[in-house]
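As the structure lists them, so they are numbered: ligands from 1, and atoms in each ligand from 1.
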Amino acid sequence: MPNLYTFVVNPRFLSSKKGIPEHTVSKIKKLRRQEIPIETLTKGIFEGDKTLLAQGITLLESSNPEHFDKANTLVEKCLAKSTQTIRIGITGVPGVGKSSFIEVLGTTLTSIGKKVAVLAVDPTSSLSKGSILGDKTRMQSLSKDPNAFIRPSPSGESLGGVARKTRESIVLCEAAGFDVILVETVGVGQSETMVHSMVDFFLLLKLSGAGDELQGIKRGIMEMADAIAINKADGHNVEKAKLAETEFTRALHLYPPKENGWTPKVLRCSAMENNGIVEIWEMIRDFAIKTSETGHFDKNRKTQNKNWFLQTVDEQLKQFFHQKKTFKSKQDQMLKAIEENKISPYYAAQTLLADLTQELK
Ligand code: GDP
């Protein structure tokens with residue numbers, strides 16, 4: 001039964017004013033204008049309250065500078081909570097069956113007592129409605145499952161912005177007790193590389209085609225994959241899927257062995273018939289056990305965190321210089337000099353940076 005608190009923090013109840021006395025509605029509106037204290041958010045997240053988890057993620061996504069410190073505090077508190085989780089990246093072209101797959105995998109996992117969070121990374125969502133809609137109609141059972149949490153991609157953001165927010169959202173979900181984090185992405189631009197840099201296991205979903213399986217795969221994706229699952233291996237497709245399996249297995253052998261000792265696998269599955277999904281989960285568990293034993297699991301997470309830090313420093317340094325008032329005019333001067341062959345591009349870059357650094361003194 002929803003109480004006043006639920007109405008305040010859960011926007012879903014905004015429209016369900018029916019039956020609520022007018023004075024209560026105005027109280028709700030007033031309370032909603034107030035910000036939720038960070039202690040309440042943290043406590044709620046630690047207790048696994050999905051509404052407050054969603055509010056926490058909204059805070060991370062806020063572009064209001066007043067929210068930055070609060071968001072950082074929240075992430076810090078959540079980071080301090082130690083958890084045992086597995087982060088799985090799932091990629092594949094639109095239509096390959098990502099949401100169907102996640103729906104089946106997710107419900108299988110919740111039925112064995114796991115708590116599953118699904119986050120989407122869709123860099124196209126700022127331009128259009130995006131390829132990953134993130135609406136609840138895609139994963140109908142999972143979205144109603146009390147042990148699942150689904151969050152669409154942050155929109156209106158550069159890929160760097162989406163990356164930060166998704167990484168931080170993972171931290172919040174884990175603090176809320178979600179032990180399997182599925183990060184879904186569609187193969188656009190650099191989004192796969194970005195998701196790969198924040199997960200423990202990277203799964204590529206493919207379709208079986210008529211001998212053209214290896215075509216149209218972006219360079220590097222095969223190398224990143226810890227497993228390839230040929231989806232829609234059902235009905236007339238079974239034979240074609242077997243062929244695709246052989247072909248991908250052969251292709252994967254051409255890549256150098258992974259540093260963590262894991263040999264990427266190729267499997268077949270059907271999200272529609274719920275076939276092969278349990279096997280995929282068992283393979284992922286096997287991966288987690290093996291790489292934990294060798295220490296690679298932890299090492300990978302630490303490396304990812306260090307890279308995240310370094311990347312952020314790089315990005316912010318760049319931003320810092322670009323924001324300097326004199327940057328643009330000095331850059332234009334250099335470009336003109338380069339066009340006129342008056343200066344070497346390398347020397348021009350050095351001069352520009354030296355000038356800007358001088359201004360800092
Ligand atoms: P997404 O765009 O990658 O998220 O793909 P969807 O999960 O939305 O699936 C695209 C279409 O493929 C839908 O019509 C699904 O019903 C269908 N589909 C998904 N998985 C399977 C499968 O295992 N077998 C078959 N035959 N169809 C599937």
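- Atoms of ligand 1 lying under 4.0 Å from at least one heavy atom of Val93, given by number and element, are 3 (O).
- Backbone and side-chain nitrogen or oxygen atoms of Ala271 are examined, and one is located within less than 3.5 angstrom of a nitrogen or oxygen of ligand 1.
- Where the criterion is an N or O separation shorter than 3.5 Å, residue side chain and backbone included, Gly97 meets it with respect to ligand 1.
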Just distance, no hydrogens or angles: give the donor-acceptor pairs under 3.5 Å from side chains in residues 227-238, sequence neighbours left out.
unit_1, atom_1, unit_2, atom_2, d
Asn231, OD1, Ala271, N, 3.1
Asn231, ND2, Val96, O, 2.8
Lys232, NZ, Gly95, O, 2.9
Asp234, OD2, Ser270, OG, 2.6
Asn237, ND2, Lys232, O, 3.4

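- Ion pair Lys299/Glu259 flagged as a salt bridge, since at least one NZ, NE, NH1 or NH2 atom sits closer than 4.0 Å to an Asp/Glu carboxylate oxygen.
- Note on ligand 1: Asn275 sits outside its first shell, no heavy atom being nearer than 4.0 Å.
- Residue contact check: Ser100 has heavy atoms under 4.0 Å from atoms 6 (P), 7 (O), 9 (O), 15 (C), 19 (C), 20 (N) of ligand 1.
- Applying the 4.0 Å criterion to heavy atoms of Pro94 picks out, from ligand 1, the atoms 2 (O).
- When each atom of ligand 1 is checked for a heavy atom of Asn231 under 4.0 Å away, the hits are 20 (N), 21 (C), 23 (O).
- Sequence neighbours left out, the pairs with a member in residues 312-325 that pass salt bridge (Lys or Arg N to Asp or Glu O under 4.0 Å) are Lys324-Glu359.
- Side-chain contact check for Thr110 and Asp145: at least one donor-acceptor pair (N or O, by modelled atom type) lies under 3.5 Å.
- Near Ser270, meaning under 4.0 Å from any of its heavy atoms, are these atoms of ligand 1: 23 (O).
- Ring pair Phe327/His322 is tilted by interplanar angle, where 30° to 60° counts as tilted.
- For the pair Glu61 and Lys165, the salt-bridge criterion is not met [side-chain N within less than 4.0 Å of a carboxylate O].
- Contact check on Lys43 versus Glu39 returns no salt bridge, with no Lys/Arg side-chain nitrogen under 4.0 Å from an Asp/Glu carboxylate oxygen.
- The CH2 atom of Trp281 lies 5.0 Å from the CD1 atom of Ile88; values are rounded to the nearest 0.5 Å.
- Considering backbone and side-chain atoms alike, Asp234 places an N or O below 3.5 Å from some N or O of ligand 1.
- Taking any N or O of Gly95, backbone or side chain, at least one lies under 3.5 Å from an N or O belonging to ligand 1.
- For atom 11 (C) of ligand 1, the nearest non-hydrogen atom from the set Glu184, Glu103, Lys232 belongs to Lys232.
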